[in-house]
Structures are given as structure tokens and as C-alpha cells.
K.L.:
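Can you read through this structure? Questions will come right after.
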Amino acid sequence: MAVKVCKFGGTSMADGNIMLTAAKIVTSDEQRRYVVVSAPGKRFSGDIKVTDLLYRCAQAVSDKDGAAFEEVFGKISARFLTIETETGKNFGMREMLAKIKLDIQNGAGEEYCVSRGEYLAANVMAGILGIPFVDATEFIRFDENGALSDETFTLGAELLKKYPKAVIPGFYGLGLDGKIKTFSRGGGDISGAIVARCAKASLYENWTDVSGFYACDPRIINSPKWISQLSYRELRELSYMGANVLHSEAIFPVRTAGIPIRICNTFKPEDEGTYILPGVVAPDADQPVTGIAGKTSFTVINVEKSMMNSEVGFTMRLLSVLDKHKISFEHLPSGIDTMCLVIENSHLKEGIVDVLVKEIKEAVQPDVVNVLEDIALIATVGHGMARNVGIAARLFKALSEAGINVRMIDQGSSELNIIVGVEKSQYSACINAIYHEFFN
Ligand code: ASP
């Protein structure tokens, strides 16, 4: 029988009643054999996700602030005890919480602490469904660099053979030191993709609180076009650039195995959702652009030097400055005599830009170095762009008609993506202009 892996996000685990709804979704299809869960998310606007509470707990422990720890841990306990009451059954939450509290107080560490939301939620879901809880530490392994180890897939495939059905907590695995290690935030999506590959699933269903991807952020455009299908590569570009329906790294485990992903809505399970498919989805000639996504907080360091093009090793020397400070960059658009380092602000600590500028001057003796702060990047993505003449012309005409000053342009070699950098204040106007050009 074909196997489907279902991953439920935080809003689908937010309370006991929603967990019961999620369980119904699982049991309504015999093929849904493996379930991966996130920690309970927000129940209403202003609510706090369990994972965020757990981060506060870990902080209180490191601050040796016993009162703060008790207060936050009390909130987490109340949340899980209420969930248990809402489901009408006893899943041993009280005992598990007591053990977790002791472990944290005895120095189990931050990653252990923040992973417990998934651990407890998975135990509840396993109880509701009456199927085994299988801990992610049994097969999800990280290597010496903290990256996912390939061992994960062999261990996982062997393990799942023993369990025809199981609930597995998302977001964490085991580090080389034998301790719990987590993925980056939202990493439960990666866990779901790992389980899908280990189970040789025919489909990885990612259940969330929206009915899939939209052509752009619905907070900017009212009711944007819904995307029924997109390719892995389009998904990677869009999610990396801010379309945060799915973690941008979640495609890697399923990509090798060619497993399709379906984004589905727990609150509207009848909606078709968005399918993310391995190959290129045949682009519609009238619809060259699949989606638009963006992020608002970048810094651009613009370096100019005449004859840069003929100076062997220029780029290497420039990038060695970033390497020295262990700062990664997102894009590196260049001209004959210019090169821009586009860096996400979250990678730049206070005062570091001045240090970088000074060291760049020493390393490459440029004619000019200037810094653009508060730059937003907007990516226009679609396989259809590669085959259609005049897409870039339409895009830049639309931006110029909307009075948008484009500060930077980058087009990857794939022709899948055109990225423009604009002032942060023009972010929404830029998305608006591109959307109306290609979708209206
Ligand atoms: N609970 C974790 C987070 O809030 C991971 C996840 O939800 O996927 O980031």
C-alpha cells in the first residue's frame, strides 16, 4: 500500500480539539501512516507558541532566575494539561512534565528544553491515534558540522520497517555528542520530509493553517492568486525569499527521492492545497511568473574599482573579509567594475559594518565602498520566465511606472528568478506593481 506522511504544524496542534481534528484527518485515509508534529502554536493572536515559552525557560535557567523559570514552566504545564483534558484522556502528561522539569533544572541544556514541545505533542497524538510514539532521536542524526547526517536515512528506513504506523516529534534529532540537537526554527517541516524519505512515501502532506501557496503575501495583496502546483526549485526560491509556508530546507530530503509535497489546510481539509512536484511544471504561456516573495532587511555593501574584471583574486580577497568574520552573504551581483555584497541584517551584529568596510578597503583597495542599509529584496519566480521574451522588460517598466527606484538587480543563471533590491519603504509598492503586471 502507498504510504503518506503527514506533518502537522503548530496551529494544527494548538489545542486538544484541533489535535482531535488532525487525528480525524489521519484516520480518514489508511495511507496516512506516519505523523510528524510540531509543538502547539498560537491559539489566538497574541498567544505565545509553546516553543517560544520553552526558549524563555532555557533563558531563565541560564540566567539562574528560578522565579522566571517556575512562571514560564507553569504556563507550559498548564497548556499540556489543558490539552489532555480537552481530548478527554490521560496520556501521562503530568508525569512527563515533572521529568522534563527536573531534566531542565539539572542542566539538560537549551536544545533539549526547546525540543520538549514536539516531544509532548507527539505523545498526545500517539495516544489519540492509538499508535506508537517513535522518538526522532532514534534515527535523526547530525554530523560533526551540525548538518543532517546521511546515516539518518538508513537508520530511519530500518526503524520504520518495525513500525507500520507511528507518530514522530518534529524539529530535533541527536547530535554527535549524544545530546538532543534541533533544526532551525520551523524545522519540523524538515523532519516531516526526512520521515517521508525514510518511509519511501508516495506523498508528503504538510498540514498547516493556509490552503497552500499564494502568488504573493496576502498581507500585501488582498486575495492573491492561489498556486495549484509549483516545482521544487520554485518552492526553494520562494520560501528562501520569505514565502514562509514551508521551511526553505524541507525539500532537500524529499528531492532526492522525488516525493511530491502537498500543502494542506487542517481547518479546510477539503481544499486541494498546493502540490510541489519534482519536475518543471509546464508553464502556462500567459502566466510566466509563478510567484513573488521578498524580505525586507538586507544591507548592501557596494564595492567599486576600475579594472576589477582583470584583477585576478579580487573576489577571493573581498570574500575573505566575510569569511574572517564568519558572515554569510545572500547574493553577489557584479558589473565590470562593481561588486555588491548583499547580507541579511540578522547576520550583522552592531558595529560590524564599519569593520567590514575598513577591512574591505585594506583587502582590495577599492575606488569607492558605500553601504546601503534597509534594502528589501523581491524575487519574481517562475520557470515560465526562461522561455518568454520580454519578462524583464515588463517587470522593470511596471516598477518605473510605479515610481520605484531599483537599487540592485540580480538574476541567477537559472533564469528562474529575477531579484530586485529596493528601499525598504518601497517594499509593498514594489510587490504590488509586479503582482499587477503579471497577475491582473
Ligand atoms: N516548534 C518549532 C518552532 O516553533 C519547530 C516547528 O514548529 O517546526 O520553530
Side-chain angles (χ1 to χ4, degrees), residues 6-28 32-58 60-61 68-106 108 112-138 163 165-172 180 182 188 191-192 195 207-209 266-267 269:
C6 313
K7 187 264 166 178
F8 289 94
T11 44
S12 308
M13 292 287 112
D15 67 31
N17 292 316
I18 305 174
M19 285 189 177
L20 291 172
T21 306
K24 263 199 203 127
I25 291 173
V26 175
T27 50
S28 68
R32 293 185 177 131
R33 287 176 26 200
Y34 298 104
V35 178
V36 177
V37 298
S38 280
K42 292 185 185 186
R43 292 158 294 183
F44 44 84
S45 98
D47 194 15
I48 308 174
K49 288 171 158 200
V50 163
T51 309
D52 289 324
L53 290 173
L54 287 162
Y55 273 104
R56 288 189 198 175
C57 258
V61 172
F69 174 77
E70 287 296 335
E71 194 205 323
V72 184
F73 200 85
K75 286 188 183 156
I76 296 163
S77 299
R79 197 89 197 255
F80 280 102
L81 294 174
T82 309
I83 285 176
E84 203 172 40
T85 313
E86 284 163 344
T87 62
K89 287 194 185 142
N90 182 347
F91 303 117
M93 282 297 107
R94 202 170 285 283
E95 297 72 20
M96 285 185 205
L97 284 159
K99 178 173 182 316
I100 289 169
K101 188 175 179 189
L102 267 184
D103 288 345
I104 299 173
Q105 285 171 323
N106 290 335
Y112 168 85
C113 179
V114 301
S115 70
R116 295 303 86 184
E118 279 53 24
Y119 175 86
L120 291 168
N123 271 285
V124 173
M125 277 302 277
I128 297 175
L129 289 163
I131 62 175
F133 162 90
V134 172
D135 205 347
T137 50
E138 299 215 21
Y163 296 97
K165 291 183 174 185
V167 180
I168 299 152
F171 190 38
Y172 69 93
I180 298 253
T182 54
S191 312
V195 174
W207 291 86
T208 176
D209 55 1
T266 304
F267 305 91

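Keep in mind the model is a prediction, meaning the values are calculated, not measured. Both backbone and side-chain heavy atoms feed into the values below; hydrogens, waters and symmetry mates do not.
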K.L.:
Where is the tightest heavy-atom contact between Pro40 and Arg79, given as atom of each residue plus distance?
P.N.:
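That would be CB-NH2, 3.9 Å.
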K.L.:
Quick one: list whatever passes salt bridge (charged side-chain N to carboxylate O under 4.0 Å, His left out) with Glu86, sequence neighbours left out.
P.N.:
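Counting only residues at least two positions away or on another chain, Glu86 forms no salt bridge (charged side-chain N to carboxylate O under 4.0 Å, His left out).
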K.L.:
Give me the atom names and distance for the closest heavy-atom approach of Ile104 to Cys113.
P.N.:
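Smallest interatomic distance, heavy atoms only, reads CD1-SG, 3.6 Å.
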K.L.:
Measuring from Glu118:CD to Asp135:CG, what's the distance to the nearest 0.5 Å?
P.N.:
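So the gap between those two atoms works out to 11.0 Å.
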K.L.:
Keeping the roles fixed (side chain from Arg32, backbone from Thr27), state whether a donor-acceptor pair exists under 3.5 Å.
P.N.:
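No; zero donor-acceptor contacts below 3.5 Å.
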K.L.:
Measure across Ile83 and Met13 and return the closest heavy-atom pair with its distance rounded to 0.1 Å.
P.N.:
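Heavy atoms only, the tightest pair is CD1-O, 4.3 Å.
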K.L.:
Among residues at least two apart in sequence or on other chains, which ones pass side chain to side chain donor-acceptor pair (under 3.5 Å) with Thr182?
P.N.:
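Partners of Thr182 under the side chain to side chain donor-acceptor pair (under 3.5 Å) test: Glu111.
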K.L.:
If you define the side chain from C-beta out and look only at heavy atoms, does anything of Ile48 sit under 4.5 Å from Arg56?
P.N.:
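Of all side-chain heavy-atom pairs linking Arg56 with Ile48, at least one is under 4.5 Å.
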K.L.:
Sequence neighbours excluded, which residues qualify as side-chain contact (heavy atoms from CB on, under 4.5 Å) partners of Ala68?
P.N.:
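Here the qualifying residues are Ala60, Asp65.
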K.L.:
Run through Ser191, Ser12, Ser38 and flag the one making a side-chain hydrogen bond (donor to acceptor under 3.5 Å, both in side chains) with Lys7.
P.N.:
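When side-chain hydrogen bond (donor to acceptor under 3.5 Å, both in side chains) is applied between Lys7 and each of Ser191, Ser12, Ser38, only Ser38 qualifies.
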K.L.:
Could you tell me the separation between the CZ atom of Phe267 and the OG1 atom of Thr208, rounded to the nearest 0.5 Å?
P.N.:
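Rounded to the nearest 0.5 Å, the CZ-OG1 separation comes to 8.5 Å.
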K.L.:
Determine, stepwise, if the pair Asp209 / Thr266 fulfils side chain to side chain contact (heavy atoms under 4.5 Å, CB included).
P.N.:
CA-CA 6 Å; Asp209 55 1; Thr266 304; over 6 Å; no
K.L.:
Go through the structure and list residues passing ring pair (Phe, Tyr, Trp, His ring centres under 6.0 Å) with Phe69, not counting sequence neighbours.
P.N.:
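Listed in chain order: Phe73.
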K.L.:
May I have all residue pairs that pass side-chain hydrogen bond (donor to acceptor under 3.5 Å, both in side chains) and include part of residues 120-131, sequence neighbours excluded?
P.N.:
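Qualifying pairs: none.
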K.L.:
Scan for salt bridge (Lys or Arg N to Asp or Glu O under 4.0 Å) pairs involving residues 97-106, sequence neighbours excluded, and state none if there are none.
P.N.:
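Listed once each, the pairs are Glu70-Lys101, Lys99-Asp103.
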K.L.:
If you define the side chain from C-beta out and look only at heavy atoms, does anything of Tyr112 sit under 4.5 Å from Ile100?
P.N.:
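Tyr112 vs Ile100: side chains touch.
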K.L.:
Determine whether a donor-acceptor pair (N or O, by modelled atom type, separation under 3.5 Å) exists between the side chain of Tyr163 and the backbone of Tyr34.
P.N.:
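Not a single qualifying donor-acceptor pair exists.
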K.L.:
Roughly how far, to the nearest 0.5 Å, is CG of Leu97 from CG of Leu81?
P.N.:
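Nearest 0.5 Å value for the CG-CG distance: 5.5 Å.
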K.L.:
Is there a side-chain contact between Ile128 and Lys89, using heavy atoms and a 4.5 Å cut-off?
P.N.:
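They are not in contact (no side-chain heavy atoms under 4.5 Å apart), so the answer is no.
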K.L.:
Going by salt bridge (charged side-chain N to carboxylate O under 4.0 Å, His left out), name the residues that satisfy it together with Glu138, two or more places apart in sequence or in a different chain.
P.N.:
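Expected list: none.
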K.L.:
State which residues pass side-chain contact (heavy atoms from CB on, under 4.5 Å) with Ile131; sequence neighbours excluded, sorted by chain then number.
P.N.:
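So Ile131 forms a side-chain contact (heavy atoms from CB on, under 4.5 Å) with Leu129, Lys165, Val167.
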K.L.:
Please list all pairs meeting side-chain hydrogen bond (donor to acceptor under 3.5 Å, both in side chains) that have one or both residues in residues 13-23, counting only residues at least two apart or in different chains.
P.N.:
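As it turns out, there is no side-chain hydrogen bond (donor to acceptor under 3.5 Å, both in side chains) pair with a partner in residues 13-23 once direct neighbours are skipped.
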K.L.:
List the residues meeting ring pair (Phe, Tyr, Trp, His ring centres under 6.0 Å) with Phe133, not counting sequence neighbours, and say none if there are none.
P.N.:
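Tyr119.
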K.L.:
So, Asn106 side chain and Leu102 main chain: donor-acceptor pair closer than 3.5 Å or not?
P.N.:
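Yes, the answer is positive, given that a donor and an acceptor are paired below the 3.5 Å cut-off.
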K.L.:
Can a cation-pi geometry be assigned to Arg116 and Phe80, taking NZ or CZ under 6.0 Å from the six-membered ring centre and within 45° of the ring axis?
P.N.:
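No, cation not above the ring by the 6.0 Å, 45° rule.
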K.L.:
I need the minimum non-hydrogen distance between Met125 and Ala23, along with the two atoms involved.
P.N.:
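Smallest heavy-atom distance, with atoms named: CE-N, 4.0 Å.
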K.L.:
Working to the nearest 0.5 Å, report the span between CD1 of Ile25 and SG of Cys6.
P.N.:
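Interatomic distance, Ile25 CD1 to Cys6 SG, rounded to 0.5 Å: 8.5 Å.
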K.L.:
Could you tell me which residues satisfy side-chain contact (heavy atoms from CB on, under 4.5 Å) with Asn90, sequence neighbours excluded, listed by chain and number?
P.N.:
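Listed in chain order: Glu84.
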K.L.:
Applying side-chain contact (heavy atoms from CB on, under 4.5 Å), can you list everything that pairs with Lys42, at least two apart in sequence or on another chain?
P.N.:
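Partners of Lys42 under the side-chain contact (heavy atoms from CB on, under 4.5 Å) test: Asp47, Lys49.
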K.L.:
So which heavy atom on Ala136 is nearest to which on Tyr172, and how close?
P.N.:
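What the structure gives for the nearest pair is CB-O, 3.2 Å.
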K.L.:
Looking at Val134 and Pro169, what are the two nearest heavy atoms and their distance?
P.N.:
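Closest approach of Val134 to Pro169, heavy atoms only: O-CD, 3.3 Å.
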